[in-house]
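Worksheet: one structure, shown below.
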Number of protein chains: 2
Amino acid sequence: MKLSTRARYGTKALLELALHENGELVPLKEIAQRQDIPLPYLEHLISPLVQAGIVRSTRGIGGGVSLVKPPHQVVLSEVILLLEGSLAPVDCLNHPETCPHSGHCVTRGLWNEVREAISGVLDSITLQDLVERQRREDEP
Amino acid sequence: MKLSTRARYGTKALLELALHENGELVPLKEIAQRQDIPLPYLEHLISPLVQAGIVRSTRGIGGGVSLVKPPHQVVLSEVILLLEGSLAPVDCLNHPETCPHSGHCVTRGLWNEVREAISGVLDSITLQDLVERQRREDEP
DNA sequence: CTCTTGTTGACTATTTTGGTCAACAATTAA
DNA sequence: TTAATTGTTGACCAAAATAGTCAACAAGAG
């Protein structure tokens, strides 16, 4: 039940972007340094975020990446789903056909409740929430 | 964020035991067959459950395993914690010393909320609940 | 046109997971 | 007491997932 580094790194990278409010471009190199992420690995994490329309990018001098939407519109469930592939703790929730017992499996119902609990939390938190927590952490 | 087969198989095995109410001994071979678990693998899953006092075992002819406590006293969080090693989606929750930022990391707080959501569900469900769901599934 | 920065795909290394095998211990029945 | 049965343990192995690297390329800016 561990989160992959993709999800962890990706979340931290987006938080970093959200902290640069005005849609300012931030070079991947800077994100990599500030969040301790290997640059070539970060490049692979950013790519799906760009394709999903969460992040936009510009190349060349002064280039970098930034959020497309304001932080309060980026919900974490969307992010984790994208980076992790799924929020389900077992495959049979997304692909019932892979298990012959899906239709009448009691444990499957259990894992479904776990998934809903996870989604519930991640649906309710946005990048803006993380930004505010960070500010509270930094200043008082 | 996938559950290991250890946790999935283990839960199914315990449910199987809970369905044999009276503390009746069930051979591992039977559990393995009914739940589609490789027998030698199941043996390794049962072992920690025996050591944790959740299951007792008897060898020899007519031997097998059974629950130590009645199903309503076996909480799933205990089981999953045992088989999975942890309910935390990231290691830094259990071992803050492994990450230099633990003390002031915003994402860590987020993952902690996820863990609490998972625990909340698993704390509230016992083997007896699963048994009842199974009965409801079987009979009407 | 060259420097910088992002993009892509192939590749590799490491770790985790899932599973097997064999030797052994305990229990029961013949 | 011996043989069959069933659980126990530890070593071992294979496959898959994960994490990470490298190199070639594309596109902007000076």
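All chains are named by letter (A, B, ...) in the order of the sequence lines, taking the proteins before the strands, and each is independently numbered beginning at 1.
- Taking CD from E78(B) and CG from L49(B), the interatomic distance works out to 9.0 Å, rounded to the nearest 0.5 Å.
- The P27(B) side chain lies nearest to dG7(D) when the options are dG7(D), dG6(C), dT9(D).
- Applying a 4.0 Å cut-off to non-hydrogen atoms, none of the residues of residues 86-100 of chain A approaches DNA chain D.
- What separates CG of L39(A) from P of dG6(C) is a distance of 8 Å, to the nearest Å.
- One finds the CG atom of D91(A) at 6.0 Å from the OG1 atom of T98(A) (value rounded to the nearest 0.5 Å).
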*Can you check each nucleotide of nucleotides 22-30 of chain C against protein heavy atoms at under 4.0 Å and return B for base, S for sugar-phosphate only, - for none, in 5' to 3' order?*
---BBBB--
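- Distance OG/S66(B) to CZ/R56(B): 3.5 Å, rounded to 0.5 Å.
- Hydrophobic clustering places I31(A) together with V131(A) (ILVMFWY residues linked when any side-chain heavy atoms are closer than 4.5 Å, directly or through intermediates).
- Ion pairing between R133(A) and E113(B) holds under the 4.0 Å rule for side-chain N and carboxylate O.
- Within the model, atoms CG of L87(A) and CD of E116(A) stand 11.5 Å from one another, a figure rounded to the nearest 0.5 Å.
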Polar atom pairs between nucleotides 11-19 of chain C and protein, under 3.5 Å, N or O only, would you list them?
unit_1: dG18(C); atom_1: OP1; unit_2: T5(B); atom_2: N; d: 3.0
unit_1: dG18(C); atom_1: OP1; unit_2: T5(B); atom_2: OG1; d: 3.3
unit_1: dG18(C); atom_1: OP2; unit_2: T5(B); atom_2: N; d: 3.1
unit_1: dG18(C); atom_1: OP2; unit_2: T5(B); atom_2: OG1; d: 3.0
unit_1: dG18(C); atom_1: O5'; unit_2: T5(B); atom_2: OG1; d: 3.2

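- In this structure, CD of Q33(B) is placed 14 Å from C1' of dT6(D), rounded to the nearest angstrom.
- In this model, the phosphate group of dT6(D) is not approached by any side-chain N or O of S57(B) to a distance below 4.0 Å at OP1 or OP2.
- L42(B) and V50(B) end up in the same hydrophobic cluster when Ile, Leu, Val, Met, Phe, Trp and Tyr side chains are linked at under 4.5 Å.
- The distance between atom CZ of R56(B) and atom P of dT6(D), rounded to the nearest whole Å, is 16 Å.
- To the nearest angstrom, P of dT20(C) lies 12 Å from CD1 of I37(B).
- Computed from coordinates, the K29(A) NZ to dT4(C) C1' distance equals 9 Å when rounded to whole Å.
- For dG6(C), neither phosphate oxygen OP1 nor OP2 lies less than 4.0 angstrom from any side-chain nitrogen or oxygen of S47(A).
- Environment of NZ in K69(A): crowded, with over 12 heavy atoms of neighbouring residues, nucleotides or ligands closer than 6.0 Å.
- In this structure, L82(B) is a member of the same hydrophobic cluster as L76(B), with clusters built from ILVMFWY side-chain heavy atoms closer than 4.5 Å.
- The separation between L45(A) atom CG and dT7(C) atom P is 12 Å, rounded to whole Å.
- In this structure, I37(B) CD1 and E16(B) CD are separated by 8.5 Å, a value rounded to the nearest 0.5 Å.
- Checking S102(A) against E97(A) by side-chain atom types alone, no donor-acceptor pair falls below 3.5 Å.
- In this entry the distance linking CG of L42(B) with P of dC21(C) reads 16 Å, nearest Å.
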